[in-house]
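Below: one structure, written as structure tokens.
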Amino acid sequence: MSQEIWADVLGYVRKNISEVEYHTWFAPVKNLGVQEGSLVLGVRNSFAQEWFRKHYLELLEDALRSLGAQNPAVSFQVLPAVQEAMFMPQDAPPPPGPPPRSPSPAPFENRKSLNPKYTFENFVVGPNNNLAHAAALAVAESPGKAYNPLFIYGDVGLGKTHLMHAVGHYMMERFPGKRIEYVSTESFTNDLINAIRDDKMTLFRNRYRSVDLLLVDDIQFLAGKERTQEEFFHTFNALYENHKQIILSSDRPPRDIQTLEGRLRSRFEWGLITDIQSPEFETRVAILKMNAEHNRIDIPQDVLELIARQVTSNIRELEGALMRVVAFSSLNNVPFSRAVAAKALSNVFTPQEVKVEMIDVLRQVAAHFNMPQDVVRGAGRVREVVVPRQVAMYLIRELTSHSLPEIGQFFGRDHSTVMHAVSKVTEQMGKDTELTASVSSLRRRMQGLDEEENEA
Ligand SMILES: Nc1ncnc2c1ncn2[C@@H]1O[C@H](COP(=O)(O)OP(=O)(O)OP(=O)(O)O)[C@@H](O)[C@H]1O
């Protein structure tokens, strides 16, 4: 997780200093993770340590602030000499900026590889995308036979590229040795331009016409490019006639792509056209959950739900929001809660008022005292149970607007029991240090970071 934070920090730094400075100082830094809210950076020697403290501390703190850290803290550690000697560039997190290019024969600089994350296993199926998913799976199982071409369209960030790559991965596993080419329409166009310029058209044609699976992203960008359309038309025909699979993605259906030649449009309609819509709430939560599990982040369901309510249309943004919340909580060293999530996202989205519910309080109190919720809410009369129950009643009274009888009902008691609990805890506050600490930490947790929120 701290790798994401570090990548964001580097992105920020890079925008604010020269390239030379960046490569001299920042490229060799090793991210040692976030410890107690402080970003720990490994540097090569004590000279570098001093230099960072003097020249870059503020910049790094600003970078953390931009990620939501309230009291940004950065510390430096000199790496042991051995580690330094072994400290090869590949140890460093991927630098921000364009992704490294995979080796490709000149003049085709634009060959892209499949993203390892974009597999069928990592794709959450919901009512918004189940047809596209089923079609992609069918194509992966019988390439060139099920639907050819498969045309997937939908708005930005909804999983079109993910599905295309999933077919690629599936085919690679099932049919090793098959040639798979993934290209954006822009890259296809650039390759064509380069091939024409360098007189390498035969190479270009061989490359695209000899594949078993051709994945072309953002085909809407063919609009208005006559020469590219012409070339793509021949590529398409060559592959189609040889029963090779073609999958195209676009932000709109073929009929809405302006200035697309009729013969291409009709070919795009030969196979199956399927769309992906914005995910509904449950699918968004499922996507967040899967993401969290993948990154081994233990984040409560209600926090995921809050994030899913904030970001409704674009899955890339949804994932970004989760990362923001995770970064925020780790940089400020506070546990996840709905209030923390709302705070982390308040710069990006309209702040949501987070109302504390009785059930939230019960859940947190039960977790704090390491006890099942039913027991806290139940009828037990031993002290181990009575204290947490009284604390829960006290905090509900303080943090929600429920009346005494309502709270009583929630616990299956009458209002006088609640009143007694509230005065009992009030009386003990300040005297019983353990209880005081428990109440304060629970309050903090439910209210977000600090007391000032109580007044808000
Ligand atoms: N159903 C899903 N389950 C899990 N992750 C998903 C799903 N749909 C999309 N994503 C994730 O959302 C992000 C954006 O998806 P992707 O890049 O495939 O979108 P796109 O539709 O191709 O967008 P663009 O039009 O910008 O190219 C990716 O990280 C992808 O893994």
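First listed ligand is number 1; within each ligand, the first listed atom is number 1. The figures here come from the full heavy-atom set of this structure, side chains too, leaving out hydrogens, waters and symmetry mates. Bear in mind the structure is a predicted one, so any value in this text is a computation, not a measurement.
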[X], any N or O under 3.5 Å of ligand 1 N or O:
| X | value |
| --- | --- |
| Gly159 | yes |
| Ile315 | no |
| Gly157 | yes |
| Glu319 | yes |
| Asp217 | no |

Establish, yes or no, whether the cationic atom of [X] lies under 6.0 Å from the six-membered ring centre of [Y] and within 45° of the ring axis.
| X | Y | result |
| --- | --- | --- |
| Arg53 | Phe76 | no |
| Arg267 | Phe233 | no |
| Arg252 | Tyr153 | no |

* Asked: Touching ligand 1 at all, Gly154? Heavy atoms, strictly under 4.0 Å?
  -> no

* Side chain, backbone, both or neither: which part of Val124 comes within less than 4.0 Å of ligand 1 when only heavy atoms are counted? ->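 Both of them.
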
* Asked: Is ligand 1 under 4.0 Å from a heavy atom in the side chain of Ile276, in the backbone, in both, or in neither?
  -> neither

* Structure fact -> Partner of Leu222 under side-chain contact (heavy atoms from CB on, under 4.5 Å), picked from Leu264, Thr259, Leu248, is Leu264

With atoms numbered from 1 as shown, which atoms in ligand 1 lie under 4.0 angstrom from a non-hydrogen atom of [X]?
| X | value |
| --- | --- |
| Leu158 | 8 (N), 9 (C), 19 (O), 20 (P), 21 (O) |
| Tyr118 | 17 (O), 28 (C), 29 (O), 30 (C), 31 (O) |
| Asn129 | 1 (N) |

* Asked: Can you tell which of Arg174, Lys244, Arg179 makes a salt bridge (Lys or Arg N to Asp or Glu O under 4.0 Å) with Asp212?
  -> Lys244

* Could you pull out, from Arg316, His162, Glu317, the option with a heavy atom nearest to atom 17 (O) of ligand 1? => Arg316

* Gln277 and Asp275 side chains, donor-acceptor separation under 3.5 Å -> yes

* Angle class for the Phe232/Phe188 ring planes (parallel below 30°, perpendicular above 60°, tilted otherwise)? -> perpendicular

* With a 4.5 Å heavy-atom cut-off, do Glu186 and Asp218 have their side chains touching? -> no

